[in-house]
There are 2 protein chains.
Amino acid sequence: MDKRQENSPRRATLRDVARAAGVSHQTVSRAINDKGEIDPETRRRVLETARQLHYRPSRYARGLVRPGLVTVGLIVPDVVNPFFPEFIAGVIQAADAQDWQVIVASTESDRRRELPLVRSLGRQVDAVAGYISHTDAELAPYAEGLPLVIVERGPEPSLNGTVRVDLAAGVRAAVAHLVERGHRRIGMIDCESVCDPHVRRLTFLAAAAEHGLPVGEEWIARGAQSMDGGAKVFAALHAAHPDMTAVFAFNDLVAIGAMREARQRGLRVPEDCAIVGFDGLSIGELLDPPLSTVHIDKRRLGELAMEQIQALLAGEAPTPAVLPPTLLVRGTT
Amino acid sequence: MDKRQENSPRRATLRDVARAAGVSHQTVSRAINDKGEIDPETRRRVLETARQLHYRPSRYARGLVRPGLVTVGLIVPDVVNPFFPEFIAGVIQAADAQDWQVIVASTESDRRRELPLVRSLGRQVDAVAGYISHTDAELAPYAEGLPLVIVERGPEPSLNGTVRVDLAAGVRAAVAHLVERGHRRIGMIDCESVCDPHVRRLTFLAAAAEHGLPVGEEWIARGAQSMDGGAKVFAALHAAHPDMTAVFAFNDLVAIGAMREARQRGLRVPEDCAIVGFDGLSIGELLDPPLSTVHIDKRRLGELAMEQIQALLAGEAPTPAVLPPTLLVRGTT
DNA sequence: TTGTATGCGTTATCAT
DNA sequence: ATGATAACGCATACAA
């Protein structure tokens with residue numbers, strides 16, 4: 001599995017330099033690390049031969065003898081999906097604040113890569129955080145003693161660190177907002193998702209009931225998590241309920257698809273049909289009109305993950321972090 | 001500068017486990033690494049005590065005695081700017097293909113962080129690649145012997161690995177396309193940039209001249225690299241040249257701003273004013289109409305960077321890589 | 001100012 | 001099947 005460094009013409013070591021320069025390896029060490037107590041001339045000579053030999057200190061040997069930098073591994077399903085860069089940025093920023101390093105790895109949305117990745121990455125770092133869909137039990141044999149923070153998995157308890165978004169609160173906020181705007185016939189575009197199997201849908205139904213809306217299962221349709229999926233589902237909903245005045249979408253991507261489809265069908269947004277997305281992607285801002293959405297502070301999510309890691313590394317059992325999303329009213333409602 | 005791992009209650013070592021389990025450290029090593037030649041019962045017992053002691057192998061000690069995994073450092077100015085995630089993805093993907101790891105670091109667009117970052121990151125990895133604005137000379141003292149790949153710096157030669165986009169070709173393609181579409185009065189929105197001080201502007205002027213367009217310096221205005229900047233510059237250009245029928249923008253972000261401003265002024269895009277961006281961000285696809293642009297294959301850019309690193313690591317002097325962009329005609333022209 | 005000796009935590013070799 | 005011993009490359013205390 002692990003491809004190793006070409007050990008072609010073995011890298012020069014401190015002793016190689018010492019030999020070539022006619023001094024002891026200790027002197028070379030002094031020169032390299034810029035310690036005092038060394039003749040400037042010797043220093044110069046040593047540094048010169050080091051350069052010629054392409055000497056570079058071994059990070060392993062150094063790490064062994066000095067307290068090592070903390071390095072955390074970060075696992076995301078996809079680096080390009082606009083949701084994750086901000087999350088990654090949050091992690092890197094929080095890590096950076098303590099001079100920690102972050103190794104970013106992607107599963108490329110392939111669940112089968114997750115476990116092996118946790119293992120191999122785990123060997124190289126002090127802790128791992130990320131979007132991991134496997135259960136604690138499945139994880140255990142791959143994460144022997146590894147401090148682990150799992151982002152966005154259901155509310156079930158876990159031995160690992162945990163960060164999640166309060167999806168239900170977000171859904172309620174969206175529905176309440178639409179109702180306030182006078183909407184009663186609200187459709188929902190649902191999607192399949194590992195992270196959220198049913199929370200959005202069930203909460204939507206509950207909220208609709210609480211507000212006394214004439215809305216039930218038949219106002220929910222499910223499709224792929226993509227612009228195209230959103231467009232298709234919107235078409236289906238609109239066909240089934242021509243009197244629908246608003247749509248709540250699983251996330252911003254499908255919301256954008258729905259918006260485009262609505263336009264295709266001659267509907268004005270938001271006049272004829274309001275749309276609320278979920279995630280709060282910054283690209284929603286670029287649309288015309290900009291997309292109203294349930295905003296998740298993805299940077300903060302990353303920070304919270306790092307706080308969990310910090311606690312874990314300090315030997316504490318971190319309390320699960322829950323991030324409440326906020327309604328972001330822009331132009332589509 | 002470096003914050004180290006809390007060396008609180010010193011981590012358990014192989015020998016600690018050995019002592020606790022009443023065996024030699026070698027036996028523990030066998031158990032941990034699942035080597036054969038060990039009594040299953042001993043194995044079980046050792047693993048158990050290891051778990052109790054929260055034993056985790058030191059990656060440094062391991063790296064020292066095994067040929068190490070290749071780890072490369074990646075420096076970008078910003079993780080969130082939609083240009084970079086795709087580039088990062090390309091790097092990670094190419095690295096992953098050889099089981100290399102990638103440490104991602106961001107300068108947060110702060111040029112002053114670059115040099116220290118190169119040094120500290122360089123100590124932790126086998127090679128570094130990224131957007132680095134400093135010259136070879138400035139870099140030298142911070143990159144002692146470090147294999148380094150610099151992305152997107154001018155065509156001046158370098159001792160380091162080099163990857164860049166053929167900006168001039170992109171500009172020419174954009175202008176040629178607009179001319180083909182019948183445009184002659186073409187404006188340009190320019191921006192300040194570390195990577196490209198003048199290439200876009202000068203090439204634009206040259207291309208305009210070659211095509212015999214009635215366009216000179218006065219058709220170019222410069223602003224901030226943001227949507228707002230794009231909007232403002234468009235406004236200025238439009239005011240100065242009401243007969244302008246097309247705009248070539250420094251990048252997609254300002255193009256989007258220009259597009260919005262054009263609409264504000266009652267212009268239809270592309271009927272009244274065509275717009276061409278630069279970068280080929282995927283968000284351009286979401287606009288209505290989708291943005292025509294000079295597309296840069298950012299994933300490929302990342303791959304090329306990794307190829308340079310590979311060459312460097314193999315001791316070869318890599319030839320600079322140049323990536324030609326391609327015109328992507330969507331809806332705004 | 002410079003060199004010698006020791007140890008960091010692991011794996012590998014060779015006994016037993 | 002298990003254990004003793006020697007590396008790996010570096011830094012550090014101590015001696016010269």
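In what follows, chains carry the letters A, B, and so on, assigned in the order in which the sequence lines appear, proteins first and then strands, with residues in each chain numbered from 1.
Rounding to the nearest 0.5 Å gives a distance of 13.5 Å between NE2 of B:H25 and CD1 of B:I32.
An OP1 or OP2 oxygen of D:dA7 is reached within less than 4.0 angstrom by no side-chain nitrogen or oxygen of A:Y60. Between B:T42 and D:dT2 there is a side-chain N or O to OP1 or OP2 distance below 4.0 Å. Phosphate contact (OP1/OP2 of C:dT1, side-chain N/O of A:K35, threshold under 4.0 Å): absent. For A:S24 and C:dT4, the shortest distance from a side-chain N or O to OP1 or OP2 is not below 4.0 Å. Within the structure, every side-chain polar atom (N or O) of B:S29 is placed at least 4.0 Å from both OP1 and OP2 of C:dT10. A:R62 has no side-chain polar atom (N or O) that falls below the 4.0 Å cut-off from OP1 or OP2 of C:dC8.
The CZ atom of B:R56 sits 11 Å away from the P atom of C:dT10 (whole-angstrom rounding). Rounded to an integer number of Å, the gap from CZ of A:R123 to C1' of C:dG9 is 16 Å. One interatomic measurement links the two molecules: NE2 of A:H25 to P of C:dT6, which rounds to 12 Å at whole-angstrom precision. Rounded to a whole Å, the CD1 atom of B:I38 is 12 Å from the C1' atom of D:dG3. At whole-Å resolution of the value, CD in B:Q26 and C1' in C:dA12 are 7 Å apart. C:dT10 atom P lies 12 Å from atom CZ of B:R59, rounded to whole Å. Following rounding to the nearest Å, A:L14 (CG) and C:dT6 (C1') show an atom-to-atom distance of 15 Å. Following rounding to the nearest Å, A:R45 (CZ) and C:dT2 (C1') show an atom-to-atom distance of 11 Å.
Taking all atoms of both residues into account, the shortest heavy-atom contact from B:E144 to B:P141 is CG-O, 4.3 Å.
Taking only distance into account, the side chain of B:R11 never meets the base of C:dG9 through a donor-acceptor pair shorter than 3.5 Å. For a distance-only test at 3.5 Å, the side chain of A:R30 qualifies as a donor-acceptor partner of the base of C:dG3.
Between A:S133 and A:E114, the side chains place a donor N or O and an acceptor N or O closer than 3.5 Å (distance only, hydrogens not considered). Between the side chains of B:S109 and B:D78, no donor N or O sits under 3.5 Å from an acceptor N or O. Under 3.5 Å, the side chains of A:Q98 and A:Q310 contain a donor-acceptor pair of N or O atoms. With hydrogens and angles left out, the side-chain atoms of A:Q26 and A:S24 include no donor and acceptor closer than 3.5 Å.
Checking D:dA11, C:dT10, D:dC10 against every side-chain atom of B:S58, the shortest atom distance belongs to C:dT10. You'll find that the side chain of A:V65 is closest to C:dG7, out of C:dG3, C:dT10, C:dG7. Considering only the side chain of B:T27, D:dT2 comes nearest among C:dT2, D:dC10, D:dT2.
When each of B:A61 and B:V23 is assigned the nucleotide of DNA chain D bearing its nearest heavy atom, the one mapping closer to the 5' terminus is B:V23. Toward the 5' end of DNA chain C, the nearer of the two residues A:L64 and A:P40, judged by each one's closest nucleotide, is A:P40.
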